[in-house]
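What follows is a short report on a single structure.
Residue indices begin at 1 and follow the sequence shown.
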Amino acid sequence: MAKDEKEIVEMIVKYTAHKGGAKGTWYVGAAKDPKKDLFKDHGVIKDTDFWVYDFGVDTQELGRAMDKLLMMGYDGEAPKSYNGLGFYVYQKRQHTKD
């Protein structure tokens, strides 16, 4: 089920706290195709890296959630416009591309 702003923030904060590491070691992003962004564009390894993705209910909710996460100290780049409702987070490693 698609998530609203509060659910997106809670999901990412809970997941990253459970896996560990400072917020700045995690990269958050939004994309039309979050799987492509994670595994092709950022080089996340599906079986060994920590990552999660889902979808927001609309672009306004997603935008507010991304802004809040970046202000909390997560790494990432707020897109100028949202082309889709997908969002993701992964723990940065030497092989990932930020």
Side-chain angles (χ1 to χ4, degrees):
M1 184 164 83
K3 296 180 173 21
D4 65 21
E5 173 189 354
K6 182 179 178 188
E7 292 169 321
I8 293 168
V9 172
E10 286 178 353
M11 176 186 157
I12 290 177
V13 169
K14 184 177 179 179
Y15 180 79
T16 59
H18 174 71
K19 296 298 183 184
K23 290 177 181 156
T25 66
W26 292 89
Y27 188 95
V28 296
K32 184 176 185 175
D33 185 350
K35 285 173 67 173
K36 176 188 167 292
D37 271 32
L38 277 168
F39 306 122
K40 186 175 181 187
D41 298 345
H42 290 286
V44 171
I45 300 172
K46 189 175 189 176
D47 296 332
T48 57
D49 289 337
F50 295 137
W51 57 271
V52 68
Y53 75 90
D54 207 331
F55 293 87
V57 294
D58 63 44
T59 56
Q60 291 80 18
E61 296 280 328
L62 179 57
R64 287 192 299 268
M66 293 293 109
D67 289 343
K68 184 176 264 184
L69 290 162
L70 294 172
M71 286 189 287
M72 292 171 69
Y74 288 90
D75 193 12
E77 186 175 336
K80 294 180 176 79
S81 64
Y82 292 91
N83 182 18
L85 299 175
F87 66 90
Y88 57 88
V89 63
Y90 67 88
Q91 192 168 41
K92 299 185 295 182
R93 307 283 179 154
Q94 284 185 319
H95 61 270
T96 58
K97 303 169 201 96
D98 306 337

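- Taking every heavy atom of both residues into account, Lys68 and Glu5 meet most closely at NZ-OE2, 3.8 Å.
- Residues Tyr53 and Asp33 fail the side-chain proximity criterion, which asks for heavy atoms closer than 4.5 Å.
- Ion pairing between a basic and an acidic side chain is recognised when a charged N comes within 4.0 Å of a carboxylate O; Asp41 and Lys36 show such pairing.
- If you take NZ on Lys97 and NZ on Lys40, they are separated by 10.5 Å, rounding to the nearest 0.5 Å.
- When Asp75, Asp49, Thr25 are each tested for a side-chain hydrogen bond (donor to acceptor under 3.5 Å, both in side chains) with Lys92, only one passes: Asp75.
- Residues Val57 and Leu85 fail the side-chain proximity criterion, which asks for heavy atoms closer than 4.5 Å.
- His42 and Tyr90 form a side-chain donor-acceptor contact under 3.5 Å, judged by distance and modelled atom types alone.
- Across Tyr27 and Gly76, no two heavy atoms sit closer than the pair CE1-CA, 3.5 Å.
- In this structure, Tyr74 is a member of the same hydrophobic cluster as Phe87, with clusters built from ILVMFWY side-chain heavy atoms closer than 4.5 Å.
- Glu61 places no side-chain N or O within 3.5 Å of a backbone atom of Ile8 that could act as its donor or acceptor partner.
- By the 4.5 Å heavy-atom criterion applied to side chains, Arg93 and Phe50 are counted as neighbours.
- Between Leu62 and Gly86, the shortest heavy-atom contact is CD2-O, 3.8 Å.
- At a threshold of 4.5 Å between non-hydrogen side-chain atoms, the residues Val28 and Leu70 count as touching.
- A donor-acceptor pair under 3.5 Å is formed between the side chain of Tyr15 and the backbone N or O of Trp51.
- Side-chain contact between Trp26 and Ile12: absent, with no pair of heavy atoms (C-beta onward) separated by less than 4.5 Å.
- When the side-chain hydrogen bond (donor to acceptor under 3.5 Å, both in side chains) test is applied to Asp4, no partner is found at least two apart in sequence or on another chain.
- Pairing each heavy atom of Gly43 with each of His95, the nearest pair is O-CD2, 3.3 Å.
- Of all heavy-atom pairs between Ala31 and Asp37, the closest is CB-OD2, 3.2 Å.
- Contact detail for Met11 and Asp54: the closest heavy-atom pair is CE-CB, 4.0 Å.
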- Message: Could you go through Met72 and Val13, starting from their C-alpha distance and side-chain angles, then the distance that decides it, and tell me whether this counts as side chain to side chain contact (heavy atoms under 4.5 Å, CB included)?
- Response: CA-CA 10 Å; Met72 292 171 69; Val13 169; 3.5 Å; yes
